[in-house]
Amino acid sequence: MFEIEVNGKMIEAKPGEMLLSTLRRNGINVPTLCHMEGLAPTGACRLCVVEVEGRPGLIPSCSFPVIEGLKVKTHSPRAMRARRTIVELLLANHPDECLYCSRNNNCELQSLAAELGVDQRLYSGSKNDYKIDASSPSIVRDPAKCILCGKCVRVCEEVQGVSAIDFTFRGSSSIVGTAFGQGLNVSSCVNCGQCILVCPTGALSERNSIKDVLAALEDPSKTVVVQHAPAVSVTLGELLGLKPGKDVMGIMTAAFRKLGFDKAFDTCFTADLTIMEEGSELVQRIKTGGTLPMFTSCSPGWIKFIEQFYPEYLPNVSSCKSPQQMMGAVIKSYWAEKTGVDPRDIYSVSIMPCTAKKFEAGRPEMGRGGVPDIDAVLTTRELAQMIRMRGVDIHALEPEDADTPFGERSSAGKLFGATGGVMEAAIRSAYYLITGEELEHLKVTAVRGLKGVKEAKVKIGDLEVGVAVVSGLMNARELIEQIKAGRNDLHFIEVMCCPGGCISGGGQPVGVSVDAVQARMRALYQIDRDEDLRVSHKNKWVQRLYEEFLGEPLGHKSHELLHTKYNKRDVIF
Amino acid sequence: MASVDINQILAKYANAGRDALIPLLQEVQESYGYLSRDAVIQIGRQLNLPVSKIYGVATFYNQFRFHAPGKFHVQVCRGTACHVKGSAGVLEAIKRHLKIEPGQTTRDGMFSLEIVACIGVCGLAPVIRVGEEVYAEVTPDKVKRILNSYRRKEAANE
Amino acid sequence: MSELLFNRFGEGCWHQTQKPCPDLVDCLREGPKCQQNEEKKAEYAKLMAVYRRDTIAKPVIYLGMGTCGLGAGAGKTLAAIKAYLNEKAIDADVVEVGCIGMCSAEPLMDVQLPGRTRVGFTHVTEDKVAALLDGALKGEFDREALLGQLKPQHDGIKAWDDLPFMEDHDFFKPQTRWVLVNCGLIDPGSIEEYISRGGYTALAKVLKSMTQQEVCAEVETSGLRGRGGAGFPAGTKWKFALRESSNQKYFICNADEGDPGAFMDRAVIEGDPHRMLEGMIIGAYAIGADKAYVYIRAEYPLAIKRLAAAIEQAKAYGLLGENILDSGFNLKVIIKQGAGAFVCGEETALIHSVEGKRGMPRPRPPFPAVSGAFEKPTIINNVETLANIASIINNGASWFNAIGTERSKGTKVFALSGKVNRTGLVEVAMGTTVRQIIEEIGGGIGNGKAFKAVQMGGPSGGCIPQQHMDIEIDYDSLKKVGAIMGSGGMVVMDEDNCMVDVAKFFMDFIQRESCGKCIPCREGTKRMLEILKAITRARRTEGGFQALERFKGIMYLQKLAEVIQDCSLCALGQTAPNPVLSTLRWFHDEYEAHIFDRKCPAGVCTELLIYDIDAEKCTGCTACATQCPAEAIMGKPKTPHYIVQDKCIGCGSCLTTCRFDAITAS
């Protein structure tokens, strides 16, 4: 450690770190737009420039390694003028649509303009004229609002290993686009929405389904039901003024009823159901020499990824639908029968931390007789928007319980929201299915935490089961390559498309705050710790569903409703 | 008509890495006159590169075209020396004569027009290139003569 | 390719490709050393004299076939020469040489008769060939076309009486031709000619008797600074890379020559490719690289061809490849063609282009010498820098730094173009004044016009006005007047050029070539260009609001320029405002005329010109009216036409169309 002088004061610097890290650690806030924590600096936006004594010009602090003897001025008039001019230049080529933009009041460009005191339009020349790409069911691109920071390109390439988009053309004609400028829907985009999370402006957003849901709620002929993913209840509070990590499950259920939903179900119920089906499937494959390793199948971004890039491994993927789609299926069959409602009059909505779920709901195989199992998917962000829009004051609500028969859940099902959760739930139940006994220590630490790749060997009876947990598709790719090269010690692999799992999915609050993600994860683990019902196979309502309707796991009815097929996809990639 | 089939070209790059991308694109364009969508996809498969990246690289550089050029490709140098010696007028004359803008091809497929940054014959500015031939000290009046000589050659060949 | 010279050494020579001899180059120059055969040596010396064309058996006709020459019609001249010789059944050698640098005199043809000096002629188009050769082959020289004779290099050659010497010509006399010494004189397709003039002796010396540190030190002591424009001491840069320990290093020659108006590198590679190659091999040895790239722009097809041939020749002689001259040093040279991007002249952008990516710069540190191509230590040098290396090694650092100024040593090649009488390549000692180059060498401004400014350093540079013509050119002096030396482009402008138009031209160039990565350059230069366009926009197409915007814009020009300079990512952006700032500084009055008087004093900005038809001269042919894109010309056929000023957009088409000189623009 050594000291450098910044704005007249001495602060501590670590050898080898970039000046930006030193400044931020010492509470000196220098703005950035293109900076991505954990990735190499690209030096594109120039907002982080500072004055360094003895050096000509202004220095970008994101890519300047600290050395001894530095004398830095971070907010000198020259640096401030440069930053303000950069923002003015961005605004000169940006649509004047803040009030109509989905990122109004939540936009980094807007915040910067306010922070730097930009109060007039200085340059009124031409602006780039680009068309919106609304071809994808999940993601909408508005290149006119793009400031070319490159974060979406980097996330898609370096974190997800998909590279559906890249910078094209040059100079003022630069535009982020797909191969040949095609619509996103025919590209290799897997709809994960990680690009939306990192985008500083409204250039990327999800396909908004609020209008459709509101219309259904207004329609007296429709029975509107809603389900919500495990990650949503530990995240929603952040968008409604609460601190990260608060579980607002009960209040959210009450809010659903206030919004007019006829029934509020919990996707964790079908998470438990998935474990029954998938656990049985895994045991069957292990016992009868079926295709191994088996991959989980609840992440639709992952499914499109493997359909495109590694179709030869489709037989390895579990044939189980995702919990969202299982719920959709049992609502419009079992529940429709039970309550006497015509499935065609049911409008089934799901709240997801995910944009790929919008794509999944529209897959042709996810429905029967022309009736889709899920009619609309809202992201966590959209739900918060709808709650605010309808004037529901969450502070005035009392917590309520979810509706039967799909309201009961084990905490194992709740763990699905974080990376490793599916694996942990599966291990707990697989142990019981194979040995007939309960696992002694239900908490499987080896698969917990935000690391992108986790592996473990689990002893179940005489078997030693090799498991792996990956999140982020680049990690998935690397693991598949290992398997391609001959690795054969794994039986079961959980893949979550988004790094960290659903808690940092494409439908979650924008901006990537590691602290918030960790808080959401800790909330899930806390629920698991405090819960009585901690294993999927003890969920009484799941058992009842089998007794009354499905028969047994992997039975005929299960196959018809709860399992699916995948397709090799020919996209240009 | 391509001079070398793309599969032959790709065979030379059997174990090539990313750094072979630009030479490969150049060879394919050299043979076919431009980069077709299919060619770009095939190149992506050969080099195991996402096509969005290849498209990103190809659109970055002036050299690459995605549409077939004319039989005679006209390049007008708009470097400093040429500008100072009046190349703007030469460009206007060519545009007027061929009735196309830079980046386009004439309807009969005879000529296509491109602006280049500098051909390097600054001592004899203004300079244009038609196909492989370099013409120096071009003036707007000489334009018609130069272009017509190619029309005459074409007519003679038929 | 002709027979390899060492095959002539016969039985005694034990040089082979698989087992090279370190004395190869010495022997190639002086004959087989180890064979102790004086007769063989004498024979060989005669052969070398033939390659040097000191002694020739039959007449030799040289023709400048560089791209300049070809552009002036040398291709046709060559055909005419061959036809002539064939027709007259004359036995003579025809040698295609590169550019000697006197572009305005192309095509250049030289005739050398046995035992006499070489005599040069200018403007030898195909129609002049027969008459010139008729005389020259008899020893009678047409005075009109005569350039001069080359001074005799040794006793066996006799000069012609009362013919001027080329070396004394106003164009050549003030020059110090070190880099260009062979250009235009030798056949660039012959490695033997290069060797006969001492080529590759520097490489042999380096590999035999100098350590890597010694080579770096020698180059550093010479004071050689990067000739691409940045002017960083070459030897110092090499030392950075030598210091790094890595299993792979790269050496790259930057032959992109993106500056419009610069063609020095093209001429060197077309005219004397081995000089650059030798410098590159020495540089690769010095830093410890075994793989080298030459990144050359695709717009130079002839240079690429010559370079590729030179590399093959060097390989055949074992000067490239494995175990060069038995030193244990290996080097492979690969040609990479640029694909048309000015920004790829910037070193990190160039590296990305070599790696197959978009040519966009990245932040430094890390510097390429530490982590460059493929994240390995990489050195990038300009062509001209490398062309100096061999002479520095052969003659010593103190020979090189004996000329020049205090901080800029040696010579610099400039590409003189624009409104001078004698355009071309000139190589002068550092410290030569601008006036000397333009007036003495360049012969002053043509057509009796007055000098206005000379643009130095391309789009990154600035203009030197009349009052600073006596400035001594070196890396540092020009900065004081707001210009840079750059890669060597010097574009001369006269009273008929408009400086606002020039500034707009450069900003337009930068906008097209900006990579688009960083905001100040991408967005900032766009707005600067808009402001400049507003200044030259026609008043009649302007709304009232736009006039106000125009004034506002000028106020922001300075601020924008400073911010772009201060915080752009790379030198392209950092220097983008230079032409604007420079023209603003020295030609403020011209800007004011455009802004306030809405006039273009030089008569260039067409939109500010008023077009008028002289009724007396107009024949009513309607040609102009047909051409007018704005339908602003009225008149019945065979009666004088007139221009409706309100509709006229000032494109100038009518002026160029009129065959009767009836249209004026003022």
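Residue numbers start from 1 in every chain, and the chains themselves are labelled A, B, ... in the order their sequence lines are given, proteins ahead of strands. What you see is a predicted model; the values in this text were computed from it and never measured.
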Report yes if some heavy atom in the side chain of B:C118 is under 4.5 Å from a heavy atom in the side chain of C:F263; otherwise report no. no
For the atom pair SG (B:C122) and CE (C:M264), what is the distance rounded to the nearest 0.5 Å? 9.0 Å
Step by step, work out the side chain to side chain contact (heavy atoms under 4.5 Å, CB included) result for B:T80 and C:F509. CA-CA 9 Å; B:T80 321; C:F509 176 81; over 6 Å; no
Output all residues satisfying side chain to side chain donor-acceptor pair (under 3.5 Å) with C:S460, sequence neighbours left out; order by chain, then residue number. C:T575
Contact between B:Q75 and C:E299 at the side-chain level, heavy atoms closer than 4.5 Å - yes or no? no
Would a 4.5 Å heavy-atom cut-off, applied to side chains only, mark B:F60 and C:C515 as touching? yes
What residues, two or more places apart in sequence or in another chain, satisfy salt bridge (Lys or Arg N to Asp or Glu O under 4.0 Å) together with B:R129? none
Within the structure provided, determine whether B:Q26 and C:Q337 are in side-chain contact (heavy-atom separation under 4.5 Å). yes
Has the side chain of C:S417 got a donor or acceptor atom that lies under 3.5 Å from a matching backbone atom of B:G123? no
Please examine the side chains of B:I119 and C:Y300, heavy atoms only from C-beta on, and report whether any two atoms are closer than 4.5 Å. no
For the side chain of B:R18 and the backbone of C:E355, is there at least one donor-acceptor N/O pair under 3.5 Å apart? no
Other residues, nucleotides, ligands: >12 heavy atoms within 6.0 Å of C:K376 NZ: yes
Would you say B:R151 has more than 12 foreign heavy atoms packed within less than 6.0 Å of its CZ? yes
Below 4.5 Å, heavy-atom pairs only: which of C:C68, C:A415, C:G258, C:A341 has the largest tally toward chain B? C:C68
If you draw a 6.0 Å radius around CG in B:N15, do more than 12 non-hydrogen atoms from other residues or ligands fall strictly inside? no
Any idea which of C:A303, C:A373, C:G458, C:G338 has the most non-hydrogen atom pairs under 4.5 angstrom with chain B? C:G338
Above 12 or not: heavy atoms from other molecules or residues under 6.0 Å from CD of B:E154? yes
Shortest non-hydrogen contact from B:D19 to C:V354? CB-O, 3.4 Å
Worked check of side chain to side chain contact (heavy atoms under 4.5 Å, CB included) between B:H83 and C:D501: CA-CA 10 Å; B:H83 175 77; C:D501 173 70; 2.8 Å; yes
Ranking B:G86, B:G56, B:G17, B:P23 by heavy-atom pairs under 4.5 Å to chain C gives rank one to B:G56
Relative to chain C, which segment of B:V57 carries a heavy atom at a distance below 4.5 Å: side chain, backbone, both, or neither? both
Of all heavy-atom pairs linking C:A72 and B:A136, the shortest is N-CB, 4.3 Å
Might you confirm whether atom CD of C:E495 has over 12 heavy atoms from other residues, nucleotides or ligands at distances under 6.0 Å? yes
Which bit of B:A117 comes within less than 4.5 Å of chain C, counting heavy atoms only: side chain, backbone, both or neither? both
Evaluate the side-chain proximity of B:N62 to C:E513: yes if any heavy-atom separation is below 4.5 Å, no if none is. yes
Give, as side chain, backbone, both or neither, the part of C:D259 having an atom under 4.5 angstrom from any heavy atom of chain B. backbone
Would you indicate whether B:K95, at its atom NZ, is surrounded by more than 12 heavy atoms from other residues, nucleotides or ligands within a distance under 6.0 Å? yes
Sub-3.5 Å donor-acceptor pair from the side chain of B:Y61 to the main-chain atoms of C:G359, do we have one? yes
Determine the minimum heavy-atom distance between C:G418 and B:K85, stating which atoms define it. O-CE, 2.9 Å
Heavy-atom distance under 4.5 Å to chain B: side chain of C:R358, backbone, both or neither? both
So with a 6.0 Å cut-off around CG of C:N447, is the heavy-atom count from everything else above 12? no
Given a strict heavy-atom distance threshold of 4.5 Å, which part of C:R297 is in contact with chain B: side chain, backbone, both, or neither? side chain
Kindly indicate whether the side chain of C:F505, heavy atoms from C-beta on, has any atom under 4.5 Å from the side chain of B:R78. yes
Cut-off 4.5 Å, heavy atoms of chain B, and the answer for C:V492 is backbone
Of the non-hydrogen atoms in C:T67 and B:V121, which two are nearest, and what is the gap between them? CG2-CG2, 3.6 Å
Let me confirm one number: the CD-CG distance from B:E132 to C:L70, rounded to the nearest 0.5 Å. 11.5 Å
When you look at CG of B:N48, are more than 12 heavy atoms from neighbouring residues, nucleotides or ligands closer to it than 6.0 Å? no
Nearest atoms (heavy-atom pairs only) where C:K357 meets B:I22: O-CD1, 4.1 Å
